[in-house]
Structures are given as structure tokens and as C-alpha cells.
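Notes for the one structure printed next.
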Amino acid sequence: MPPGDGRAAAARTEAEAVAVQRLLRERLVRDEAGPPADGTGTVAGVDVAYDDERDLVAAAVVVLDAGSLEVVAEATAVGPVPFPYVPGLLAFREVPAVVRALDRLAEPPGLVVCDGYGLAHPRRFGLACHLGVVTGLPTIGVAKSPFTFRHDVPGTARGSSSPLLDGEEEVGRALRTRAEVKPVFVSAGHRVDLDTACAHVMRLTPHYRQPDPIRRADRACRDALSAAAATGARGPA
DNA sequence: GCGACAG
DNA sequence: ATCTTGTCGC
């Protein structure tokens, strides 16, 4: 499917969503290393906030220069909530608004960092994989909890990691981005391998546990949601 | 069947 | 995700 064709990934029921995942998964590219984590190019963070009372979802994309980590572009999108929260089907709730926000950028980012999982998923097709296949962009997932997977506690030094395991299979990595602080859970998405994903996450976490682009996107989508809720509007004026 | 379960 | 004060530490 062509990049930006978000509607092709829509679903109304859980069974339909699972079927869509299985179809989209065939388009997942796993044999590319991904953009080098050497400070060149741009990296975007995406995140979404909800107001279920008002049936509003707000997505934000914040694009940073990969070297300086300064913001070079930003976009948001607001709309109705398209799908309930179902573990394993988060993408159907988040991806449509994120795709609309990405479409508003003048230039596509070199890498997209998602707040959630990629291959670390019951059907190996988490949010980051889904967004990557739908947009064609390289993606990785960075989650704050281990979901259903197990892992040994990594060393306490920044940069220590241990495999995130589904049985014997390494589906991601518990990566300590700050000494003495809970690790984050990194997994590959589309067109990026796990080692490269972890290297990017290290570069993107000079100060905090979570990658800078994610933190900025988190703030931006909350702001966009507040503005939309106050106005009663579903788009910028 | 029951519980656990990214955001 | 979201509801929410103070508190500890750099």
C-alpha cells in the first residue's frame, strides 16, 4: 500500500483488527539495519493523548535534529477516538491520528520513535511495526513496562541491557538509559534492527529515562488535547 | 474459566 | 491513558 494510506489499516472489531495485523505483518521489513545512530539526519517522536469523555484523541509528532536534539519541525492532529483500548491492539487506537500528524510535516523524518512496542508483541506486530508498515518509515518502539514478557534485571549502569524474552525468543531489550533508574523496553519496528534501535535510544536519552523526542511529543499532544477540549474543535482553527 | 495485559 | 500532594534530590 502507498505511504500515508492509513485507512487501509482501519478495523471495527477485535477480530477484524487481528486479521488486519496478520495482513500488514507480511509487509514488515526486518532485514534492514536502519538509519545509522551517528547523529546524522532527523528523528521524530510520536505520542497520543485521550479524552474519552469528549471522544477526543490528539497525536503529536516532534522532529529533532539527530545530532543537536533541537526541534526542527512539529505537527499535531486531533479527532474522534477510533478504537477502544485492547492490549495487543493499541495501534488501532493510536495510529490513525499519528499518520494524520505525520502527513502534515513538510519533510518525513529519518526515524520514528514510538511510545510502545514493535516486535515485542503477541503476534510480533506492535504499534511501531504497524506505523512503520503504514507509512513506510523506519520505526522503533520504546515502552515503559515489560508487557507480558520476561527479562532479567539489567546492570545498574547506563547502557546496561538484558534480553526481553518471549520463551526463548529475544523480542526486544530491557535497556537502562539512566543509572539506577528503571530500564525502558526497546524493540525493533519496521526497517530497523534491535541493535540499531538501542543505539538510537542511547543517543536520544542524554538526560532522562525516556527518549527526548518522546518526551517532547508527550507534552505536545497533551497541549493539543487541552486546546481541542477547550475549543470543542477537532482541528486547528 | 480466570487473571494479566503497551497506552 | 487518567485520577492526583507532597516530597526527595540534583
Notebook entry, point to check: With the threshold set at 4.0 Å, does a side-chain nitrogen-carboxylate oxygen contact exist between A:Arg222 and A:Asp47?
Noted result: no

Check: Atom CG of A:Asp47 and atom P of B:dG7: how far apart are they, to the nearest Å?
Finding: 9 Å

Next item on the list: Would you mind classifying the nucleic acid contact of A:Ala49 as base, sugar-phosphate or nothing, using non-hydrogen atoms under 4.0 angstrom?
Entry: sugar-phosphate

Checklist line | Exam field: side chain A:Asp55 to backbone A:Val81, donor-acceptor pair closer than 3.5 Å | finding: yes

Next item on the list: Measure the distance from CG on A:Asp52 to P on C:dC3 and round it to the nearest whole Å.
Entry: 11 Å

Notebook entry, point to check: Which dot-bracket string fits DNA chain C when only Watson-Crick or G-U wobble pairs with both atom distances under 3.5 Å count, crossing pairs get [ ], and | stands for a partner on a different strand?
Noted result: ..........

Notebook entry, point to check: With distance as the sole test, does A:Arg27 use its side chain to make a donor-acceptor pair with the main-chain N or O of A:Val134 at under 3.5 Å?
Noted result: no

Item checked: Interatomic distance where CD1 belongs to A:Ile214 and C1' belongs to B:dG7 [whole Å] -> 11 Å

Notebook entry, point to check: If you measure from the ring centre of A:Tyr85 to the centre of the six-membered ring in the base of B:dG7, is it under 5.5 Å, with the planes under 30° apart?
Noted result: yes

Note to self: Side-chain N or O of A:Ser145 versus OP1/OP2 of B:dG7: is the shortest distance under 4.0 Å?
What the structure shows: yes

Check: With distance as the sole test, does A:Gln21 use its side chain to make a donor-acceptor pair with the main-chain N or O of A:Gly88 at under 3.5 Å?
Finding: yes

Note to self: Under 4.0 Å from OP1 or OP2 of B:dA6: is there any side-chain N or O of A:Lys144 that close?
What the structure shows: no

Check: What is the distance, rounded to the nearest whole Å, between atom CZ of A:Phe92 and atom P of B:dC5?
Finding: 22 Å

Notebook entry, point to check: Contact class for A:Gly88 vs. all strands (heavy atom < 4.0 Å): base, sugar-phosphate, or nothing?
Noted result: base

Note to self: Taking the side chain as everything from C-beta on, heavy atoms only, tell me whether A:Thr205 gets closer than 4.5 Å to A:Arg178.
What the structure shows: no

Item checked: A:His121 NE2 to B:dA4 P, straight-line distance once rounded to whole Å -> 20 Å

Notebook entry, point to check: Atom CZ of A:Phe149 and atom P of B:dA4: how far apart are they, to the nearest Å?
Noted result: 18 Å

Note to self: Classify A:Leu164 by what it touches in the nucleic acid, base, sugar-phosphate, or nothing, heavy-atom distance under 4.0 Å.
What the structure shows: nothing

Notebook entry, point to check: Can a side chain N or O of A:Arg222 be found less than 4.0 Å away from OP1 or OP2 on C:dT2?
Noted result: yes

Margin query: What I'd like to find out is whether the side chain of A:Val46 reaches to under 4.5 Å of the side chain of A:Cys114, using heavy atoms alone.
Written below: yes

Note to self: Nearest whole Å is fine: how far is B:dG7 C1' from A:Leu90 CG?
What the structure shows: 5 Å

Notebook entry, point to check: Taking atom P of C:dA1 as reference, at what distance in whole Å does atom CG of A:Leu127 sit?
Noted result: 13 Å

Checklist line | A:Arg219 atom CZ: more than 12 heavy-atom contacts under 6.0 Å | finding: no

